[in-house]
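Reviewing the structure listed below.
One-based numbering, in listed order, for ligands and for the atoms of each.
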Amino acid sequence: MSDAPRPAPSSLDLRGVRKSFDGGWTFAVDGVSLSIAPGAFTALVGASGSGKTTLLKTINRLVEPDAGEVRIDGRLVGEQPAPELRRTIGYAFQGVGLFPHLSVAENIGVTPRLLGWERARIAARTAELIALVGLGSEHLARAPDQLSGGQQQRVGLARALAAEPRVLLLDEPFGALDAVLREDLGAQVRAIHDRLGLTTVMVTHDVMEAVLLADTVAVMHGGKLLAHEAPGALLAGHPDPFVRALMESPRRLAERVAELTRAHAS
Ligand SMILES: Nc1ncnc2c1ncn2[C@@H]1O[C@H](COP(=O)(O)OP(=O)(O)OP(=O)(O)O)[C@@H](O)[C@H]1O
Ligand SMILES: [Mg+2]
């Protein structure tokens, strides 16, 4: 990966973001304000249907909010042409979303091609990324449907990183991976984030993963943001009962595993 000097990391600011898909009867995202510091890695957690994907998509304008503002480095995203904006934001879709008619290599190179990179640079970058996500180069010529679900997810991650984005949006990037691979790839994503000076928002169902990987954890419920704090602060307790219950789950699991281990050893 290029180690050329990179600009300072981007800040991300959402103010009063709302989105309804039914003309205002219900709100998928209901007045969310969220500030993410330059270079922070934020995990976005919450129940299914709580608005995580919708909120994430307002950042790269795959969803246009009904109200509110989204800014990257102080610039309103709504005032930037969407295609241009999206080339500076890496995005890995929930459920992968690879282009089925393109090979793995072509999928990874989509944005660099749009940006007019030379073929040799795209090929070098593609080779680098496929190795980074732990796949052999023999996968590059394959079609997405010749890969397992977990392999497709890793290609999706490589594609999101291909054009050296400043902001990385990951929507359940490890959903189809087994636990060991998930942990390994999570640590790798965190290392890539640190090395490239990215600002990352990662949606995950896994609270344990969120608290172990992220600098801050944002909790959504019914379209609202209930909390946004450092993992340690959230684990120490929170006034909201939903947040408290959610944050207790990693500790409960860890305690049960420790108990089982003790019982086995004695
Ligand atoms: N394009 C759409 N049209 C209509 N309703 C939508 C659309 N996208 C999302 N919704 C609705 O908005 C709400 C929030 O959905 P969203 O996908 O943001 O949730 P989520 O937190 O990402 O859930 P999950 O964890 O299951 O992925 C849901 O009630 C969903 O049905
Ligand atoms: Mg979702």
- Looking at A47, which atoms of ligand 1 are within less than 4.0 Å of one of its heavy atoms? 21 (O)
- Item | Closest protein heavy atom to atom 27 (O) of ligand 1, given as residue, atom name and distance to 0.1 Å | Q94 NE2, 2.8 Å
- Do you know which two heavy atoms are closest between R121 and E164, and how far apart they sit? NH2-OE1, 4.0 Å
- Determine, for R190 against D194, whether the closest basic-nitrogen to carboxylate-oxygen distance falls under 4.0 angstrom. yes
- If we number the atoms of ligand 1 from 1 as shown, the ones under 4.0 Å from a heavy atom of T53 are 17 (O), 18 (O), 20 (P), 22 (O), 27 (O)
- Is a side-chain donor-acceptor pair under 3.5 Å present for T199 with S10? no
- Query: With only distance considered, is S48 within less than 3.5 Å of ligand 1 through an N or O on each side?
  - Reply: yes
- Charged N to carboxylate O below 4.0 Å: is that the case for R71 and E69? yes
- Item | Within 45° cone and under 6.0 Å: R159 NZ/CZ vs F99 ring | yes
- Shortest non-hydrogen contact between G136 and I130, atoms and distance: O-CG1, 4.0 Å
Could you give the side-chain donor-acceptor pairs of residues 248-266 under 3.5 Å, partners two or more places apart or in another chain?
from	atom 1	to	atom 2	distance (Å)
S249	OG	L246	O	3.0
R251	NH2	L235	O	3.4
T261	OG1	V257	O	2.7
S266	OG	R262	O	3.3
S266	OG	A263	O	3.2

- Got the closest protein heavy atom to atom 25 (O) of ligand 1, with its distance? K52 NZ, 2.8 Å
- Message: Check this for me: does any side-chain nitrogen of one of D66 and R18 sit under 4.0 Å from a carboxylate oxygen of the other?
- Response: no
- Query: Measuring to protein heavy atoms, does anything land under 4.0 Å from atom 31 (O) of ligand 1?
  - Reply: no
- Note on the structure: Looking only at protein heavy atoms, what sits closest to atom 16 (P) of ligand 1 is T54 OG1, 3.6 Å
- Is it true that H205 lies under 4.0 Å from ligand 1, counting heavy atoms only? yes
- Message: Are there over 12 heavy-atom neighbours, none belonging to E138, within less than 6.0 Å of that residue's CD?
- Response: yes
- Nearest-neighbour protein heavy atom for atom 1 (N) of ligand 1, which is reported as residue plus atom name and distance: F21 CE2, 3.6 Å
- Message: Minimum heavy-atom separation for P38 and P9, please, with both atom names.
- Response: CB-O, 3.5 Å
- Near the Mg ion (ligand 2) (protein N/O/S, cut-off 2.8 Å, waters excluded) we have T53 OG1, Q94 OE1
- Task: Might you confirm whether atom CZ of R75 has over 12 heavy atoms from other residues, nucleotides or ligands at distances under 6.0 Å?
- Result: no
- Message: Does atom CD (E183) have a neighbourhood of more than 12 heavy atoms from anything else shown, all under 6.0 Å?
- Response: no
- Task: Just need the protein heavy atom nearest to atom 14 (C) of ligand 1, so name the residue and atom and give the distance.
- Result: G49 O, 3.5 Å
- Message: Considering both backbone and side-chain atoms of G46, is one of its nitrogen or oxygen atoms within less than 3.5 Å of a nitrogen or oxygen in ligand 1?
- Response: no
- Query: What are the atoms of ligand 1, with element, lying closer than 4.0 Å to any heavy atom of A28?
  - Reply: 12 (O), 13 (C), 14 (C)
